[in-house]
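Everything on this sheet refers to the single structure shown next.
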Amino acid sequence: QDDIATTLQLALDNRTSSPDKTRTLLNSIDVKQLTPEQNELFKFLMAFSILMEGNTQDAIQKLNQVADTSKSIKIKARAQNALLSIYSNLHDWNNAIDIVNSLKDTITKLEPDELKQNVQVSLLSFYNNIEEFNLAIELADKILNITNNPRTKCSVLEKQLYAFKELKSDLITENNFFDAIALCAKINEKILELAITTNLADFYIEKKRYGHAIQLLNDHLSDAKNLSYKSLTAYYLGRLVVAYLGDDKNTLAEKHAIDILENYSSDNYYLPNMIAYQALSEISSERGEYKESLIFYKQFKELEKRDYDQTVAAKVALQKAKFEKSNEMKLLNQQNKLLSTQAELAAANDRNKNLLLLVATILLAIALFWIYKNRQTHKQLRKIAETDALTGIFNRNHFTQCAEASLAYCQKTQQDVSFIVFDLDYFKRVNDNYGHLVGDWALIQATKAVKQVCRANDIIGRMGGEEFAILLPNCAKDKAIEIAEVCRKQIAAIDTSESGHTFNLTASFGVSHSNQADYNLDKLFACADSALYQSKDSGRNRVYSFQQSQPIADTFPSSLINNNPA
Ligand SMILES: Nc1nc2c(ncn2[C@@H]2O[C@H](COP(=O)(O)OP(=O)(O)OP(=O)(O)O)[C@@H](O)[C@H]2O)c(=O)[nH]1
């Protein structure tokens, strides 16, 4: 396992510098012995090796497979990074932008190490390639804030200065370029150092400081040539042409333009070629060599169109990606709107439910109140129907109903029932002498007096006019006579002066008993009435019991001596 790990690491380290060595190392590995993660790394390195062999399409397919399926976030990042670089070189901006979107997500999951920084630097290059210079500057700042690696710093500064320069930003001065050049020189990053000098030359040209540009470019041209970095040399020469032209040194411009066309005419250097043709066209034109000028001009236009097409392709791809993104956003917004509409609907439903509940509650309350009111009314009506309005005791009708029910019960349970009727004495005189209101008052007071004497389950009723009856369940006759006597005394004791007039108020009583009347109300009434008649007849203000046909005075002589009729 150690051997396999070492071999894989070696292959990884040499994948760009020694592709052949990498392939040999990979071929030496027994795939069956690989752990799943080693297998993913192996697949990435194989794809990379295929790329280095020049089989780009095959490499793209395999790298995409690794990027899509790899569980290791590091290997996924490496595959995506390689794909970004391939697509950028192929100017396949649509796929490049897709990869960038995936890569952005991958970056957030990477540990902050060298790999993460490398991926960020690739992204930075990509932003410059598609001329998203503000994004590039922002990302560069981010990387510069966290990296301590001077190589990363040098590389990032080169790309950031390029972006600033392209934006023609006032935020940078030539000192920024000098600092970056010094940093790269210190760690011997020759290519990047030279790249920065080309940017500085552009900076000078932009500011029309052609002399400075020419000197800088000439100072470093030999370095570029020594590096055998042809594209860089071609770019140097291209900028020299522009600077000489600007400085009205057409001969030198022409010399370098021809140098480009003769020695660096590959497709790879089409930009310096474009500059060369444009310069030669202008120079020929100034000399009056219009035919040559037109030929150069046509070639210039062809390359310019190519440059334009490439720039436009990048822009279109970017706009398309932005459009898709904004469509995605629109879709999301619509989904959000739908969700919020659903939420609003649910809330409205809840509100409706609450409203319904409220209405139901109100209706219920109204119904309950109505039932309550109805009962109250019913109660009141019943009370009105059952009671005597003046005295508040049962009226004749209700008294009869209650008395009969009580009698039936007492008969069933074989209890004694006594019955008392009484009638106010000379009541007509009270009305006649003192008026009906005083008569009413007297009726009320007499009722009160009797009620105080009676027990809770005795039934008292006004039979009409000034005649009253009392049914006394579970009451022996003697007891009833006793009660009647107390009632008589109470009525006689009423202080009539409270009415504003002083007069005698008495009543005559008649008492009957169930064993005289078979628990029959009419019979009880008749017996008691008969006794009452006897009371009246014998002078009033006395109690008579039916059976005896004798005044109670015999039994209770003292209480009956009352010869003071009202
Ligand atoms: N103030 C008042 N008087 C009533 C009421 N009901 C009946 N009366 C009166 O009661 C009187 C009854 O008179 P009578 O039947 O002659 O009897 P009395 O005067 O009491 O004489 P005796 O019963 O024989 O003692 C009448 O004048 C009725 O108008 C009432 O509700 N209020």
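Start at 1 and go down the list; that is how both ligands and their atoms are numbered. Predicted model only: the values in this text are computed from it and were never measured. Sequential numbering from 1 along the given sequence is applied to the chain's residues.
- Listed by first and then second residue, the ring pair (Phe, Tyr, Trp, His ring centres under 6.0 Å) pairs involving residues 457-482 are Phe422-Phe468 (not counting sequence neighbours).
- Sorted by chain and number, the heavy-atom contacts of ligand 1 below 4.0 Å come from Asp423, Leu424, Asp425, Tyr426, Phe427, Lys428, Asn431, His436, Gly439, Asp440, Leu443, Arg462, Gly465, Glu466, Lys536, Arg540.
- Here Phe419 and Phe525 bring their ring centres to under 6.0 angstrom of each other.
- The side chain to side chain donor-acceptor pair (under 3.5 Å) check on Ser102 picks up nothing, with sequence neighbours excluded.
- Between Lys536 and Asp425, at least one side-chain N (NZ, or NE/NH1/NH2) sits under 4.0 Å from a carboxylate O, which counts as a salt bridge.
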Taking distance alone, no hydrogens or angles, what donor-acceptor pairs closer than 3.5 Å link side-chain atoms of residues 444-455 to residues at least two apart or in another chain?
from   : atom 1 : to     : atom 2 : distance (Å)
Thr447 : OG1    : Leu443 : O      : 2.7
Arg455 : NE     : Asp458 : OD1    : 3.1
Arg455 : NE     : Asp458 : OD2    : 3.2
Arg455 : NH2    : Asp458 : OD1    : 2.6
Arg455 : NH2    : Pro473 : O      : 2.7

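- Here the two rings, on Tyr434 and Phe503, have centers that are under 6.0 Å apart.
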